[in-house]
Amino acid sequence: MNLDTLNEEQKEAVTYLNGPLLVLAGAGSGKTKVLTSRIAYLIEKGISPYNILAITFTNKAAAEMKERVIKLIGGEASSMQISTFHSFGLRLIRENHEYLNLDSNFAIFDTEDSLTAIKRVLKRLDIDSNKFTPKAFRNKISSLKNDLITPETFQRRAMDDFDKMTVDVYKEYEKELMDDNGVDFDDLLILPIKLFKENPSVLEKYQERFKYILIDEYQDTNEAQYILTKMLASRYQNLCVVGDSDQAIYGFRGANFKNILNFEKDYKLCKTIILKKNYRSTKVILDAANSVIKHNINRHPKDLESVNGEGELITYYRARNGIEEINFVADTISDLQKKGESLDDIVILYRTNAQSRLFEDEFLKRNLPYRMIGAINFYARREIKDLMAYLKLINNTKDAISLLRSINTPKRGIGNKTIEDIITKSNEQGISLFDAIDSGKALTFKNLILELQEESTHLSLTELVDLVLDKSGLKEELVKENSIEAETRLENLEEFKSITKSFEDKYGLISLPDFLYEVSLISDNTEITDSSNRVTLMTVHAVKGLEFKYCFITGLEEGLFPHINSLNSNDEIEEERRLCYVAITRAKEKLYITNAMTRILYGNNQVNPVSRFIKEIDDNLLDYANKEETSFLKRPEPRKILDKEETNIEYNPNDYVFHDVFGTGKVISVEKSIVKVAFKMPYGIKTLMKSHPSLHKV
């Protein structure tokens with residue numbers, strides 16, 4: 001193969017043959033090229049494809065990697081094991097099923113199958129699924145499995161009622177899998193480790209088979225993936241891992257970025273090579289990324305270097321409100337389009353899916369084509385359609401479609417037989433489904449709708465939505481589920497109140513029928529999303545691995561990005577900062593960053609300070625689009641704060657304090673190292689550590 005297309009660091013990584021190798025690949029530095037070239041080089045040097053194992057994180061990436069290797073060296077590479085961790089684990093289980101007490105035709109339980117099995121377990125154990133949902137148990141068990149925690153081990157750690165019940169559910173769930181001759185998705189990682197631990201000869205066979213191992217995106221490995229890799233590589237230690245601690249953004253999924261930080265400790269003879277030449281972005285964009293990420297402590301120090309020249313300054317726009325922010329982005333994109341730029345080259349990034357709704361609304365009004373990546377249209381999301389069904393039924397009890405959607409959402413014990421009887425009665429008597437309800441739990445639901453209908457006559461739209469979410473159980477169900485997915489759906493339901501609030505601000509006391517009519521015009525107008533030339537809308541998590549000529553990072557405010565859930569944890573703030581670094585390094589030629597002084601989010605008017613990440617960008621890299629609104633950006637806030645490092649501060653009830661995110665508040669109570677403070681809405685009462693660096697006595 002031709003090594004002349006590689007730079008010096010890439011060439012060194014490709015040609016380093018034996019021993020552990022850590023390749024720290026900065027964003028846009030050509031890591032895939034290094035991996036595929038290294039595989040081709042190994043084969044050229046006489047190493048059999050049979051003895052090479054390459055692991056990446058998606059089936060698509062694995063297929064692309066194999067295709068690129070075949071292009072480099074031909075069909076000889078077609079038999080190579082290039083796959084995801086889960087695919088590789090499945091192969092190990094299939095080839096050794098008898099050691100794991102599985103028949104050769106064992107079943108693989110997908111997410112829904114696992115949920116069904118857990119529902120059966122809950123019923124058998126007589127656990128009320130209304131108190132803790134099956135999804136909550138499934139998510140907890142999955143997390144435990146990926147951390148290699150058995151039911152017996154977790155039993156010693158269980159503290160609260162949910163944990164103690166999880167122990168019993170976990171044990172019974174494992175028995176359910178065994179009885180069904182099945183494994184779940186997590187077992188595809190767990191069982192190979194069990195196989196190797198209990199059968200050293202089997203482990204030795206695979207160590208001899210896979211003498212050269214390459215792992216992509218090593219910063220995203222979890223505990224099970226880390227252990228499996230270590231077991232396989234322990235004999236020959238020809239392990240090459242590629243990754244970037246600065247792009248570790250999946251901690252919420254169980255990934256442990258410290259695996260890459262500790263690689264040099266795990267493998268003492270490790271060779272470390274840093275790929276810092278960036279082939280994607282301009283120098284200005286990379287300098288901004290470097291100036292932000294250097295504030296993280298837990299990282300491998302490195303600065304990306306651009307080969308693409310200086311580039312344009314970063315445009316920073318601070319809007320007065322969220323609507324103004326959206327208009328600035330849309331106006332800028334329209335101008336780019338007029339200049340002949342393709343919409344396919346433009347991406348809008350946001351921290352939470354709920355932020356996409358305003359962009360969707362505005363783009364539909366302007367007839368600007370867009371595509372949603374990693375999320376569906378706001379109004380097409382299940383939880384939004386569920387809420388809309390309630391509102392439509394309150395407005396019109398003859399709406400059979402809305403009734404059938406909402407009558408057992410969330411589950412309230414109304415079975416298919418009951419619904420069939422209602423439909424039969426409706427048909428026989430020529431009355432609406434709603435009027436045909438006359439008994440049982442269905443009647444309780446009917447009375448709920450009538451109650452909400454009565455309340456709607458004297459409530460605002462936003463108040464009505466709040467009442468529906470509480471009375472229907474839609475909100476409670478998601479709170480009980482206690483998962484990342486449920487949290488996202490809750491955010492979307494809360495964001496729906498921003499829609500009603502916007503309508504009220506625009507029209508005053510708008511009626512429910514008028515509101516539903518207006519929304520239907522927006523939500524049904526989706527035909528323009530089918531064109532090929534479209535702006536891309538996506539969360540920052542979803543954009544990893546992609547690149548765009550023009551990139552807009554929106555909502556850069558404290559409490560939004562970084563997310564409010566991260567503000568009291570240094571580790572979580574560092575992950576948010578890595579997320580910002582990933583967002584910045586997606587831009588090839590031009591980066592725009594925006595935020596708003598105030599915005600309606602989750603139905604509340606919020607005043608959010610400027611994101612710390614903007615303040616961390618060197619000022620000479622920014623072009624202020626509206627300087628009068630941002631002139632205060634780099635100045636310290638005008639408040640008198642006592643320095644806790646120099647003074648032993650004591651807090652007492654009724655003291656006034658200042659929090660860097662929540663603003664001014666009043667102390668309610670003090671207990672040892674904990675202080676409770678009442679802040680202005682929407683924050684309310686917060687429980688904080690007295691020593692937290694964000695908290696100051698005024």
Side-chain angles (χ1 to χ4, degrees), residues 9-27 29-39 41-42 52-57 61 65 82 84-85 88-89 146-148 189 192-193 196 203 206-207 210-251 253-276 293-294 296-304 544-545 571 574-575 578 581-582:
E9 292 81 12
Q10 291 173 335
K11 191 181 297 183
E12 188 180 8
V14 166
T15 58
Y16 186 81
L17 272 180
N18 296 310
L21 174 63
L22 171 62
V23 180
L24 297 172
S29 63
K31 72 178 179 66
T32 305
K33 185 177 185 178
V34 166
L35 279 168
T36 53
S37 298
R38 179 173 170 80
I39 293 169
Y41 185 81
L42 290 173
I52 300 173
L53 169 65
I55 299 287
T56 187
F57 270 76
M65 189 181 294
I82 302 180
T84 64
F85 269 108
F88 177 60
N146 280 292
D147 284 337
L148 300 179
L189 299 176
I193 295 173
F196 289 160
L203 172 58
Y206 285 100
Q207 288 171 337
F210 298 115
K211 294 179 180 177
Y212 290 84
I213 302 172
L214 301 91
I215 310 288
D216 190 15
E217 303 285 10
Y218 192 68
Q219 77 279 354
D220 293 334
T221 52
N222 62 25
E223 183 68 11
Q225 291 159 342
Y226 166 77
I227 295 294
L228 182 58
T229 300
K230 198 168 186 180
M231 294 177 85
L232 281 167
S234 62
R235 177 171 288 252
Y236 291 101
Q237 298 212 351
N238 293 324
L239 173 62
C240 168
V241 302
V242 181
D244 182 6
S245 56
D246 291 337
Q247 296 186 73
I249 60 173
Y250 296 123
R253 292 183 187 169
N256 184 359
F257 78 101
K258 291 184 178 177
N259 291 343
I260 197 167
L261 292 179
N262 294 332
F263 188 82
E264 291 158 308
K265 295 177 185 175
D266 290 340
Y267 299 89
K268 304 297 184 187
L269 300 177
C270 165
K271 170 79 171 177
T272 301
I273 298 170
I274 301 176
L275 305 181
K276 56 186 179 180
I293 201 63
K294 72 182 181 184
N296 272 9
I297 296 170
N298 295 304
R299 64 185 293 257
H300 289 104
K302 68 177 180 307
D303 278 342
L304 295 177
K544 188 159 179 264
D571 285 346
E574 290 212 349
E575 178 143 330
R578 292 193 293 271
Y581 174 84
V582 166

Considering residues at least two apart in sequence or located in another chain, which fulfil the ring-ring contact (aromatic ring centres under 6.0 Å, His included) criterion with [X]?
X: Y236; answer: none
X: Y226; answer: none
X: Y267; answer: F263

Could you tell me which residues satisfy side chain to side chain contact (heavy atoms under 4.5 Å, CB included) with [X], sequence neighbours excluded, listed by chain and number?
X: D303; value: N290
X: I274; value: L24, K276, K302
X: E575; value: F252, R578

Does a side-chain heavy-atom distance below 4.5 Å link [X] with [Y]?
X: F196; Y: L228; value: yes
X: F257; Y: I249; value: no
X: Q237; Y: L269; value: no
X: F57; Y: F85; value: yes
X: L17; Y: L42; value: yes
X: L35; Y: V23; value: no
X: L214; Y: V242; value: no
X: R38; Y: L21; value: yes

What are the two closest non-hydrogen atoms of [X] and [Y], and how far apart are they?
X: Q207; Y: S234; result: NE2-OG, 3.0 Å
X: Q10; Y: S29; result: NE2-O, 3.0 Å
X: Q219; Y: D244; result: OE1-N, 3.0 Å

Rounded at 0.5 Å granularity, tell me how far [atom1] in [X] sits from [atom2] in [Y].
X: I193; Y: K230; atom1: CD1; atom2: NZ; value: 12.5 Å
X: M65; Y: I55; atom1: CE; atom2: CD1; value: 9.5 Å
X: D216; Y: T221; atom1: CG; atom2: OG1; value: 11.0 Å
X: L22; Y: N262; atom1: CG; atom2: CG; value: 11.0 Å
X: D246; Y: R299; atom1: CG; atom2: CZ; value: 4.0 Å
X: F210; Y: I52; atom1: CZ; atom2: CD1; value: 10.5 Å

Partners passing side chain to side chain donor-acceptor pair (under 3.5 Å) against [X] (at least two apart in sequence or in another chain):
X: Y206; value: E95, N96
X: N238; value: none
X: N146; value: D186, N222

Can you list the steps and then say if Q247 with E217 is a side-chain contact (heavy atoms from CB on, under 4.5 Å)? CA-CA 9 Å; Q247 296 186 73; E217 303 285 10; 5.9 Å; no

Inter- and intrachain pairs under salt bridge (charged side-chain N to carboxylate O under 4.0 Å, His left out), touching residues 232-241, at least two apart: E204-R235, E208-R235

So does K33 get a backbone contact from the side chain of T36, meaning a donor-acceptor N/O pair under 3.5 Å? yes

Does L148 offer a backbone N or O that forms a donor-acceptor pair with the side chain of E223 under 3.5 Å? no

May I have the step-by-step check of side-chain contact (heavy atoms from CB on, under 4.5 Å) for T229 and L239, ending in yes or no? CA-CA 9 Å; T229 300; L239 173 62; 3.8 Å; yes

Under a 3.5 Å cutoff, is there a donor and acceptor pairing between the side chains of E264 and T272? yes

For D220, salt bridge (charged side-chain N to carboxylate O under 4.0 Å, His left out) partners two or more places apart: K544

For E12, salt bridge (charged side-chain N to carboxylate O under 4.0 Å, His left out) partners two or more places apart: K271

